[in-house]
Amino acid sequence: MKVVIIGGVAGGATAAARIRRLDENAEIIIFERSGYISYANCGLPYYIGGVITDPQDLTLQTPENFFQRFRIDIRVHHEATAIFPDKKSTSVRNLETGEEFEESYDKLLLSPGAKPARPRLPGTDMDKLFTLRTVEDTLAVKEYIDKHHPKSAVLAGGGFISLETAENLRELGMEVTIVQRPRQLMNPFDPDMAAFIHAEMRRNGVKLALGHTVEGFEEKDGGVDVLLKDEPPLHADMVVMAIGVTPDTHLAKEAGLKLGLKDSILVNSRMETSEPDIYAVGDAVQVTHYVTKEDALIALAGPANKQGRIAADNICKGDSKYLGSQGSSVIKVFEMTAASTGVNETNAKKAGLDVDKVILSPMNHAGYYPGGRLMTMKVVFEKETYRLLGAQIVGYEGVDKRIDVLSTAIHAGMTAAQLKDLDLAYAPPYSSAKDPVNMAGFMIDNIARGILKQWFLEDVPDVCKKDNVTLLDVRTKAEYSRGHMEGFKNIPVDELREKLEEIEKDSPVYVICQSGLRSYIAARILAGNGYDVYNFSGGFRFYDTVTNDQCLVKSAAACGMDH
């Protein structure tokens with residue numbers, strides 16, 4: 001059997017190694033147009049910032065090492081230029097010599113990946129404007145910085161690469177501004193959770209110009225003017241375009257393969273395309289979202305690796321199936337960690353799901369053990385069924401392990417209330433006896449039992465306008481004096497039983513505290529005394545962070561950037 005693979009990195013290289021492990025006699029050829037067969041995409045910004053110092057550390061496998069281990073014919077700087085399904089061959093050009101030839105195959109695997117989105121705007125061809133997708137891109141950015149010592153940069157886009165690049169450029173002492181059309185960074189997160197990411201970026205000196213449309217670039221005063229719609233330009237010494245990626249599928253399209261979202265390659269669960277004996281994996285393929293069951297494009301290394309393995313199994317006469325992408329991800333944001341899995345509240349509603357949520361602020365480990373820090377968790381689930389849909393966490397240590405537990409729970413089909421039953425490891429330096437994941441489960445179980453009724457940030461305008469309601473803040477007097485929601489009466493929770501006569505019994509009571517825990521205790525006291533009571537989800541800390549961010553983003557949309 002002769003297998004030709006177009007493209008290496010996560011999908012192609014993984015598939016090649018798996019095919020060899022399953023079939024010692026297969027002839028395997030990889031054509032890769034770059035000079036690198038397998039490299040760490042996610043590590044590229046950290047080389048620019050000097051966290052990774054040796055460029056060789058970015059290359060996970062060299063062609064020589066790969067051949068020595070697996071006896072696979074790897075041809076870098078070779079670009080496939082056409083596919084001929086009818087005669088089972090592909091046309092290839094040697095980019096070093098210009099030679100063109102045709103290569104036959106028994107099985108063909110497409111792993112072309114995705115390319116940085118470069119909108120057709122004036123000035124995108126200037127030498128001070130960069131993308132960051134390949135090792136070559138990274139070396140070009142690093143070389144430019146080392147040679148020209150730029151003092152400032154504008155990053156167009158607010159996703160993973162943009163945030164990681166912003167952090168690393170700040171570590172080099174550069175002034176950094178992120179500009180993009182949406183009014184939030186990191187679309188996997190809901191706007192309220194993104195507020196915590198925004199705050200960390202600002203705290204570290206990154207300027208945010210959210211809600212702006214880039215219309216082009218002009219060279220000026222030795223640097224670049226980033227032209228904005230209806231706003232003055234932003235000036236910087238260099239620009240990095242990080243507005244996302246698009247599937248690189250021109251070969252598949254020209255060969256007549258069926259395409260899906262944004263011209264991605266349509267595949268079935270076996271990673272088979274519409275043409276016999278042609279498979280496709282990675283960022284170029286359309287997938288099914290594991291939670292919503294809708295078509296999706298999810299450009300992450302984990303899914304690409306799994307798809308490569310599945311395609312290899314089926315090429316070798318197996319029967320492996322890809323169950324869909326869940327979108328689990330994690331990112332370092334200066335000192336913080338932000339992670340998500342499944343579907344967020346915004347997209348769940350767009351998918352037509354009837355959703356509910358809990359927001360909590362647990363410590364990463366036992367409160368009595370030194371060094372504990374708060375994390376903010378948002379867990380989204382389906383009303384009525386309590387099907388677990390997704391989760392977002394922003395915090396410090398321990399965020400990654402909680403998101404992995406929640407990701408596993410979603411994959412296993414657990415209900416949100418069943419999170420309370422998970423038996424998770426506990427020792428004071430690592431967790432609490434009631435882990436944050438368990439705490440989310442306890443809250444959701446209370447909702448299911450009718451013990452807990454919630455109100456949310458989006459309810460504030462309507463609730464505060466209502467007549468015949470009691471607005472109650474149960475924090476300490478000192479906390480209340482440092483900031484509170486307008487119209488809220490302050491009765492500390494420990495004094496509440498003695499002051500029940502101060503609360504009108506015939507009207508609903510809306511309660512808030514700093515994190516949601518004391519207000520829940522207050523809600524139970526009130527409910528036990530016959531009151532109709534609602535607990536604010538997330539607490540005043542959440543309210544304060546999100547509303548402050550909303551003011552800054554609104555201001556940025558009006559005047560260009562915030563600080």
Side-chain angles (χ1 to χ4, degrees), residues 7-13 32-63 65-66 74 76-77 79 95-96 111-118 124-178 206 217 224 236-246 248 282-284 299-302 304-305 329-334:
V9 198
E32 168 59 48
R33 64 186 165 203
S34 78
Y36 300 88
I37 183 61
S38 182
Y39 56 87
N41 286 77
C42 302
L44 302 181
Y46 297 100
Y47 175 68
I48 292 171
V51 178
I52 298 171
T53 56
D54 187 345
Q56 291 187 350
D57 289 340
L58 297 173
T59 56
L60 305 178
Q61 288 280 356
T62 66
N65 291 341
F66 214 64
I74 298 171
V76 294
H77 297 135
E79 181 177 21
L95 298 178
E96 293 178 352
S111 180
K115 55 189 177 183
R118 289 191 76 142
T124 54
D125 57 346
M126 68 177 60
D127 60 3
K128 296 179 180 66
L129 193 147
F130 301 88
T131 57
L132 193 58
R133 180 70 179 175
T134 66
V135 174
E136 286 91 346
D137 292 340
T138 308
L139 297 177
V141 173
K142 179 71 169 170
E143 181 183 0
Y144 184 85
I145 292 173
D146 291 344
K147 182 177 180 180
H148 298 283
H149 307 289
K151 298 289 192 296
S152 60
V154 168
L155 308 181
F160 291 94
I161 291 296
S162 182
L163 268 65
E164 291 167 346
T165 304
E167 177 178 345
N168 280 278
L169 294 182
R170 284 295 295 151
E171 294 295 334
L172 295 176
M174 295 174 63
E175 291 186 6
V176 177
T177 302
I178 296 177
V206 177
F217 308 90
V224 184
D237 295 330
M238 63 180 292
V239 173
V240 178
M241 294 288 290
I243 60 175
V245 295
T246 57
D248 191 0
D283 297 351
L300 293 169
N305 273 278
S329 64
V330 64
I331 183 172
K332 178 181 179 294
V333 185
F334 292 96

Trainee: To the nearest 0.5 Å, what is the distance between CG on Asn168 and CD1 on Ile145?
Mentor: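 Nearest 0.5 Å value for the CG-CD1 distance: 9.5 Å.
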
Trainee: Can you confirm whether Pro45 sits close enough to Leu132 that some side-chain heavy atom of one is under 4.5 Å from a side-chain heavy atom of the other?
Mentor: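 Yes - at least one pair of side-chain heavy atoms lies under 4.5 Å apart.
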
Trainee: Of all heavy-atom pairs between Ala166 and Val176, which one has the smallest distance, and what is that distance?
Mentor: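 The pair with the smallest heavy-atom distance is CB-CG1, 3.9 Å.
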
Trainee: Rounded to the nearest 0.5 Å, how far does CG of Leu139 lie from OH of Tyr47?
Mentor: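 These two atoms lie 5.5 Å from each other.
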
Trainee: For Lys332 and Tyr46: C-alpha separation, side-chain torsions, deciding distance, then whether side chain to side chain contact (heavy atoms under 4.5 Å, CB included) applies.
Mentor: CA-CA 11 Å; Lys332 178 181 179 294; Tyr46 297 100; 4.0 Å; yes

Trainee: Identify the two heavy atoms, one from Gly157 and one from Ile178, that lie closest to each other, and give their separation to 0.1 Å.
Mentor: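 Smallest heavy-atom distance, with atoms named: O-CG2, 3.2 Å.
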
Trainee: Indicate yes or no for a side-chain donor-acceptor contact from Arg133 to the backbone of Asp137 under 3.5 Å, with no hydrogens or angles considered.
Mentor: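 Answer holds: no.
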
Trainee: To the nearest 0.5 Å, how far apart are CE in Met174 and CD1 in Ile48?
Mentor: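 Met174 atom CE to Ile48 atom CD1 measures 10.0 Å (nearest 0.5 Å).
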
Trainee: Does Gly35 offer a backbone N or O that forms a donor-acceptor pair with the side chain of Glu136 under 3.5 Å?
Mentor: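 Checking the backbone N and O of Gly35 against the side chain of Glu136, a donor-acceptor pair under 3.5 Å is found.
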
Trainee: Taking atom CD of Glu32 and atom NE2 of His77, what is their separation to the nearest 0.5 Å?
Mentor: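 Rounded to the nearest 0.5 Å, the CD-NE2 separation comes out at 8.5 Å.
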
Trainee: Do you know the tightest heavy-atom contact between Ile161 and Ala242?
Mentor: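 Distance-wise, the nearest heavy atoms are CG2-CB, 4.3 Å.
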
Trainee: At their closest point, which heavy atom of Ile52 faces which heavy atom of Gly43, and how far apart are they?
Mentor: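 Result for this residue pair: CD1-O, 3.6 Å.
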
Trainee: Main chain of Ser152, side chain of Asp237: is a donor-acceptor contact present, judged purely on distance under 3.5 Å?
Mentor: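 Checked: pair present.
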
Trainee: Side chain to side chain contact (heavy atoms under 4.5 Å, CB included) between Thr246 and Lys115: does it pass, once the steps are laid out?
Mentor: CA-CA 6 Å; Thr246 57; Lys115 55 189 177 183; 3.6 Å; yes

Trainee: Does the Glu167 side chain pair with the main chain of Phe334, one donor and one acceptor, at a distance under 3.5 Å?
Mentor: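 Side chain of Glu167 to backbone of Phe334: a pair is present.
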
Trainee: Using modelled atom types only, decide if a donor and an acceptor are shared between the side chain of Arg118 and the backbone of Thr124 within a distance under 3.5 Å.
Mentor: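 Yes, because the side chain of Arg118 sits within donor-acceptor range (under 3.5 Å) of the backbone of Thr124.
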
Trainee: Side-chain contact test, heavy atoms from C-beta onward, threshold under 4.5 Å: evaluate it for Val154 versus Val224 and give yes or no.
Mentor: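 A side-chain contact under 4.5 Å is absent here.
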
Trainee: Between Phe130 and Met241, is there a side-chain heavy-atom distance shorter than 4.5 Å?
Mentor: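 A side-chain contact under 4.5 Å is absent here.
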
Trainee: Do Val240 and Thr131 make a side-chain contact, defined as non-hydrogen atoms from C-beta onward lying under 4.5 Å apart?
Mentor: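 Side chain of Val240 against side chain of Thr131, heavy atoms only: no contact under 4.5 Å found.
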
Trainee: How many angstroms lie between CD1 in Ile74 and CZ in Phe66, if you round to the nearest 0.5 Å?
Mentor: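 Rounded to the nearest 0.5 Å, the CD1-CZ separation comes to 5.0 Å.
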
Trainee: Starting at CG of Leu44, measure out to OG1 of Thr165 and round the result to the nearest 0.5 Å.
Mentor: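 Between Leu44 CG and Thr165 OG1, I get 8.5 Å after rounding to 0.5 Å.
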
Trainee: Search all heavy atoms of Ala10 against all heavy atoms of Ala301 and return the closest pair with its distance.
Mentor: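 Looks like CB-O, 4.3 Å.
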
Trainee: Side chains of Met238 and Leu129: closer than 4.5 Å at any heavy-atom pair?
Mentor: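 No, side chains not in contact.
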
Trainee: Side-chain contact, heavy-atom cut-off 4.5 Å: Leu95 with Arg33?
Mentor: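 Yes. Closest side-chain heavy atoms under 4.5 Å.
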
Trainee: Can you confirm whether more than 12 heavy atoms, excluding those of Glu175, are under 6.0 Å from its CD atom?
Mentor: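 No - once you tally the heavy atoms of other residues, nucleotides and ligands closer than 6.0 Å, there are 12 at most.
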
Trainee: Does a side-chain heavy-atom distance below 4.5 Å link Lys128 with Phe217?
Mentor: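 No, their side chains stay 4.5 Å or more apart.
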
Trainee: Do any N or O atoms from the side chain of Ser162 and from the backbone of Leu155 form a donor-acceptor pair under 3.5 angstrom?
Mentor: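 Checked: no pair found.
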
Trainee: Using only atom types and a distance under 3.5 Å, with no angle test, would you say the side chain of Glu171 pairs donor to acceptor with the backbone of Gly49?
Mentor: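 Here the side-chain-to-backbone pair does not exist.
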
Trainee: For a quick test of reading the model, state the closest non-hydrogen atom pair linking Ala153 to Leu169 and the distance between them.
Mentor: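 Nearest pair, atom of Ala153 first, then Leu169: CB-CD1, 3.8 Å.
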
